[in-house]
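Data first, discussion second: the structure below is written as structure tokens.
Just so it is clear, the values below take in all heavy atoms, side chains as well, and ignore hydrogens, waters and symmetry mates. Both ligands and their constituent atoms are indexed starting at 1 by order of listing. Keep in mind it's a predicted model, so treat the numbers as computed, not measured.
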Amino acid sequence: MKTRITDMFGIQHPIIQGGMHFVGFAELAAAVSNAGGLGIITGLTQRTPELLANEIRRCREMTDKPFGVNLTFLPTVSSPDYPGYIQAIIDGGIKAVETAGNNPQKWLPALHEAGVKVIHKCTSVRHSLKAQSIGCDAVSVDGFECGGHPGEDDVPNFILLPRAADELKIPFVASGGMADGRSLVAALSLGAEGINMGTRFIATKEAPVHENVKQAIVAASELDTRLVMRPLRNTERVLRNGAVDRLLEKERTLGASLKFEDIIDEVAGVYPKIMLEGTMDAGAWSCGMVAGLIHDVPSVKDLIDRIMAEADDIIRQRLMGFVNA
Ligand SMILES: Cc1cc2nc3c(=O)[nH]c(=O)nc-3n(C[C@H](O)[C@H](O)[C@H](O)COP(=O)(O)O)c2cc1C
């Protein structure tokens with residue numbers, strides 16, 4: 001399948017693996033790239049630019065295909081060394097960067113000068129147009145269904161994607177709720193030129209996370225996610241668990257007076273405990289509604305091959321069958 005996204009990133013299939021804290025290590029990024037998609041290392045999971053440089057080197061040992069790095073500009077307790085991370089990306093020969101969170105404008109000249117293509121993740125048409133106007137090369141349009149931070153507008157992909165298609169000139173991928181060939185064909189129909197998946201890629205053999213995380217996703221239905229931190233305007237879609245219930249109770253009790261410090265036990269520093277140790281109730285962790293469509297833990301290659309074969313079949317058999325009837 002050939003789209004502006006496959007051309008831009010030099011990949012075989014229009015499938016991107018979104019950055020994921022404590023999931024997007026070299027093993028997963030390399031597996032996705034080896035299977036013909038675009039794997040992405042999560043920059044901030046590496047505590048320093050030196051560690052990111054090392055992770056890029058490790059990934060390069062596992063694949064000779066293109067892969068990218070995610071750099072998230074979110075409100076964090078202490079500001080990371082962004083100039084250092086940008087330098088590590090450039091020095092590491094990375095040609096694709098997924099940015100997310102705050103406006104990446106400041107970093108675009110250096111990245112573009114180094115020949116890096118920047119895809120910015122946006123949860124609204126407004127932000128997508130802004131990304132286009134500052135010179136981003138592509139957008140990852142992240143609907144309300146998505147795992148992680150869906151923003152505050154709550155527009156699902158069935159509306160958001162065609163709205164983006166009506167307004168954007170640069171190519172975009174559909175992010176949030178994508179799981180299979182049906183998702184890919186639907187996304188293409190709505191104007192996207194590929195898909196970005198997070199949650200689906202966690203439940204794969206190569207995802208370097210604890211088995212408990214994969215099984216929690218397989219066991220979950222589309223009803224099992226919750227939105228947390230909405231009162232702080234930092235909404236995150238997470239899988240419901242004991243910690244999330246406690247967090248939501250605090251949000252209800254404290255109302256408008258809620259501060260980040262009130263929920264620090266449920267959200268700060270919890271990812272290593274969950275992803276690496278498998279302590280599933282250690283805190284709130286991002287997960288999409290798409291969990292309801294995930295029933296197995298295939299290899300990344302089997303997953304991507306299955307998506308592409310299913311998409312091909314839907315286009316050639318099902319859809320063509322309707323118009324030729
Ligand atoms: C466990 C987890 C961690 C994530 N961490 C990040 C992150 O650090 N930076 C980021 O830009 N997006 C992050 N995301 C969002 C994903 O990159 C992607 O946009 C999202 O998962 C798409 O929705 P889906 O889960 O329905 O596929 C995370 C998602 C998950 C599930």
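A donor and an acceptor atom, one from each side chain of Thr99 and His120, are located under 3.5 Å apart.
With His149 as the partner, the side chain to side chain donor-acceptor pair (under 3.5 Å) test is satisfied by one option alone out of Thr235, Asn234, Thr123: Asn234.
Among residues at least two apart or in separate chains, salt bridge (charged side-chain N to carboxylate O under 4.0 Å, His left out) pairs with a member in residues 23-47 are Glu27-Arg58. Counting only residues at least two apart or in different chains, salt bridge (charged side-chain N to carboxylate O under 4.0 Å, His left out) contacts with residues 139-158 comprise Arg126-Asp153, Glu152-Arg230, Asp154-Arg230.
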In a table with atom names and distances, give each donor-acceptor pair under 3.5 Å that connects a side chain of residues 266-275 to protein atoms at least two apart or in another chain.
residue, atom, partner, partner atom, Å
Glu266, OE1, Lys250, NZ, 2.9
Glu266, OE2, Arg246, NE, 3.4
Glu266, OE2, Lys250, NZ, 3.3
Tyr271, OH, Glu236, OE2, 3.3
Tyr271, OH, Ser286, N, 2.9
Tyr271, OH, Ser286, OG, 3.1

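Note that Arg163 lies outside the cation-pi zone of Phe158, set by a 6.0 Å cut-off to the ring centre and a 45° limit from the axis.
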Does ligand 1 have any N/O atom under 3.5 Å from a protein N/O, and what are those pairs and their distances?
residue, atom, partner, partner atom, Å
ligand 1, 5 (N), His21, N, 3.1
ligand 1, 9 (N), Thr72, OG1, 2.9
ligand 1, 11 (O), Asn70, ND2, 3.1
ligand 1, 11 (O), Thr72, OG1, 3.4
ligand 1, 11 (O), Lys121, NZ, 3.2
ligand 1, 12 (N), Gly19, O, 3.2
ligand 1, 12 (N), Lys121, NZ, 3.1
ligand 1, 14 (N), Gly19, O, 3.2
ligand 1, 17 (O), Gly19, O, 2.7
ligand 1, 17 (O), Lys121, NZ, 2.7
ligand 1, 19 (O), Lys121, NZ, 2.9
ligand 1, 19 (O), Ser175, OG, 3.4
ligand 1, 23 (O), Gly147, N, 3.3
ligand 1, 25 (O), Gly147, N, 3.4
ligand 1, 25 (O), Thr199, N, 3.0
ligand 1, 25 (O), Thr199, OG1, 2.5
ligand 1, 26 (O), Gly177, N, 2.8
ligand 1, 27 (O), Gly198, N, 2.8

